[in-house]
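Before any comments, here is the structure.
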Amino acid sequence: MQGKRILLIIGGGIAAYKSLLLIRLLRAAGAAVTPVLTRAGAEFVTPLSVSALAGEKVYSALFDLTDEAEMGHIQLSRVADLIVVAPATADFLAKMAQGRADDLASTLLLATDTAVLVAPAMNLRMWHHPATQRNLAQLRADGVGFVGPEAGEMACGEFGIGRMAEPEAIFASIAAALQSGPLAGRHILVTSGPTHEPIDPVRYIANRSSGAQGTAIAAALRDLGADVTFVTGPASVPAPEGVRVVRVETAAQMLAAVQAALPAEVAVMAAAVADWRVANASGSKMKKDGSGQAPALEFAENPDILALVSKGDARPRLVVGFAAETDQVETYAAAKRLRKGCDWIVANDVSPATGIMGGSENAVVLISEAGSEVWPRMAKDAVARRLADRIAAALAD
Ligand code: CTP
């Protein structure tokens, strides 16, 4: 980020205040910020606060004689390493999709060939409207990158997708967009960690996954320049820096987060997803009734996230699954690859004697259409780097 210049267009919307925090994050990381405030944006944050945080002049008018004399709008659009629009309203997206140039911000976007990253923010009905979805598809086809929006409560009181991504998530996307490396600009989804399936508000069913292998894979992909979305269950190792982290607890939440993160060019599904959830989970804490009778838990099968992604409409170009087996590792894993419809399976033996589950090393077999490849036992970080290199090579083909 050091020495990079971001042209930040702040559009109209209550989320504009988050862009002030974004400016602080960028400056703290050593980037310079050229702020452009749209007329609507200036209704939500003041030019003074934007300029004070950016430490630079705020640009807003298209026909400003002083600005034109100092730095014309064409020049302004070309000095940046990346243009970020945050928040981008439905109206602004429509304008961008049409290629209109009726104010400074839209003119800059039309006059540039610099990469553009957009953080939309709008009411959920506006987001789901076919016109907005059409504009998004057009902008994606034009090569515009997106971060968010996220699901949550909105300023208007409604609940759903449309909230602008948090400043940290936008920062991570900016960092990824500025990366160089064989996976630069590639969006890769990684799932990791266990899931917790509630029995009642205080008890849950879990598994021994630490999240170490998925975390190492996300970091290795990031190091090759990928823009990583990391969907993680409650893992015992910290999430990597510089990736977009989405925290979930249950398999159902993981599925929703994965679907919201698509499209992606690659999906690496390293999470140890619980196969079953408790169908009769209690909304209040289960109590002993003194009869000595244990509660009878009923189970329902969880959706298979890997199979749904592999067979879904938004299928990534490369889908990598994992297989945790205790017997006949290669045979079961090869059958799993076909059954789930993924391209590769990273199979490992999780028998307690191997010490792999929860340990720092892994011994894997990579199974693809071409056959099986046995990798020597090595640190999980080394497995991750080797897998990331293989992914980069596959995308380069
Ligand atoms: N997986 C998933 N959703 C599930 C279960 C598993 O996406 N509900 C994914 C895991 O992330 C992993 C792969 O499927 O990439 C294989 O997981 P594994 O637990 O080994 O397989 P199972 O589906 O449990 O198959 P089996 O019960 O036959 O071992």
Side-chain angles (χ1 to χ4, degrees), residues 6-13 15-16 19 22 36-41 62 73-74 76-78 80-151 154 160-165 169-170 172-174 176-178 183-189 226-227 229 244 258-267 309 312-317 395:
I6 311 296
L7 185 94
L8 176 65
I9 297 174
I10 304 177
S19 298
L22 176 63
V36 173
L37 194 56
T38 68
R39 212 165 54 168
L62 181 54
H73 59 261
I74 302 288
L76 192 58
S77 71
R78 307 233 169 119
D81 296 291
L82 181 70
I83 301 184
V84 177
V85 187
T89 59
D91 178 57
F92 199 80
L93 291 178
K95 218 186 239 190
M96 281 178 77
Q98 281 182 26
R100 290 181 56 192
D102 61 357
D103 64 2
L104 179 63
S106 53
T107 304
L108 291 175
L109 286 163
L110 206 58
T112 190
D113 54 6
T114 303
V116 178
L117 176 73
V118 172
M122 65 196 73
N123 168 274
L124 77 158
R125 293 216 169 80
M126 292 170 99
W127 174 255
H128 288 298
H129 196 285
T132 303
Q133 291 300 315
R134 229 175 16 245
N135 293 332
L136 286 171
Q138 180 61 57
L139 290 168
R140 282 203 181 98
D142 293 346
V144 171
F146 284 88
V147 46
E150 290 170 0
M154 307 195 162
I161 192 157
R163 231 168 64 157
M164 187 170 89
I170 302 176
S173 291
I174 293 173
L178 292 172
L183 292 175
R186 312 274 197 171
H187 180 213
I188 300 189
L189 168 67
D227 172 11
T229 299
R244 199 174 304 104
V258 161
Q259 284 171 334
L262 294 174
E265 281 189 66
V266 181
V309 167
D313 290 342
R315 187 191 200 281
R317 201 170 130 194
L395 291 195

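Since the structure is predicted, the reported quantities are computational estimates derived from the model, not experimental observations.
Looking at every heavy atom in both residues, Gly12 comes nearest to Pro87 through O-CG, 4.4 Å. Across Gln138 and Ala97, no two heavy atoms sit closer than the pair CG-O, 4.1 Å. The two residues Met122 and Ala88 make their nearest non-hydrogen contact at CE-O, 4.1 Å. Of all heavy-atom pairs between Ala86 and Ala119, the closest is CB-CB, 3.8 Å. Shortest non-hydrogen contact noted between Leu7 and Val36 is CD1-CG2, 4.1 Å. Closest non-hydrogen pair, Val147 versus Pro120, comes out as O-CD, 3.4 Å.
The distance from atom NE2 of His129 to atom CG of Leu136, rounded to the nearest 0.5 Å, is 13.0 Å. Here Leu82 contributes atom CG and Thr114 contributes atom OG1; the two are 8.0 Å apart, rounded to the nearest 0.5 Å. If you take OG1 on Thr38 and CZ on Phe92, they are separated by 7.0 Å, rounding to the nearest 0.5 Å. Interatomic distance, CG of Asn123 versus CD1 of Ile161, reported as 12.5 Å (0.5 Å rounding). Taken to the nearest 0.5 Å, the CD1 atom of Ile83 stands 4.0 Å off from the OG1 atom of Thr112. Note that CG of Leu117 is 8.0 Å distant from CD1 of Ile170, once rounded to the nearest 0.5 Å.
Although no hydrogens or angles enter the test, the distance criterion places a donor-acceptor pair under 3.5 Å between the side chain of Arg78 and the main chain of Ala111.
Contact of the Leu109 side chain with the Val85 side chain is registered, since non-hydrogen atoms from C-beta on lie closer than 4.5 Å. Contact of the Asp227 side chain with the Arg244 side chain is registered, since non-hydrogen atoms from C-beta on lie closer than 4.5 Å.
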Which is it for Leu93 and Val118 under the side-chain contact (heavy atoms from CB on, under 4.5 Å) test, yes or no, and what are the steps along the way? CA-CA 9 Å; Leu93 291 178; Val118 172; 3.7 Å; yes
For the pair Met126 and Thr89, evaluate side-chain contact (heavy atoms from CB on, under 4.5 Å) and give the outcome as yes or no after the intermediate values. CA-CA 9 Å; Met126 292 170 99; Thr89 59; over 6 Å; no
What verdict does the side-chain contact (heavy atoms from CB on, under 4.5 Å) test give for Leu183 and Glu265, after you've listed the backbone C-alpha separation in whole Å, the side-chain angles of each residue and the deciding distance to 0.1 Å? CA-CA 10 Å; Leu183 292 175; Glu265 281 189 66; over 6 Å; no
Between Asp103 and Ser106, does the side-chain hydrogen bond (donor to acceptor under 3.5 Å, both in side chains) criterion hold? Intermediate values first, please. CA-CA 6 Å; Asp103 64 2; Ser106 53; 2.5 Å; yes
Test side-chain contact (heavy atoms from CB on, under 4.5 Å) applied to Val266 and Arg186, step by step: CA-CA 8 Å; Val266 181; Arg186 312 274 197 171; over 6 Å; no
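Other residues, nucleotides and ligands contribute at most 12 non-hydrogen atoms within 6.0 Å of the CZ atom of Arg39. No more than 12 heavy atoms of other residues, nucleotides or ligands sit less than 6.0 Å from atom CZ of Arg125.
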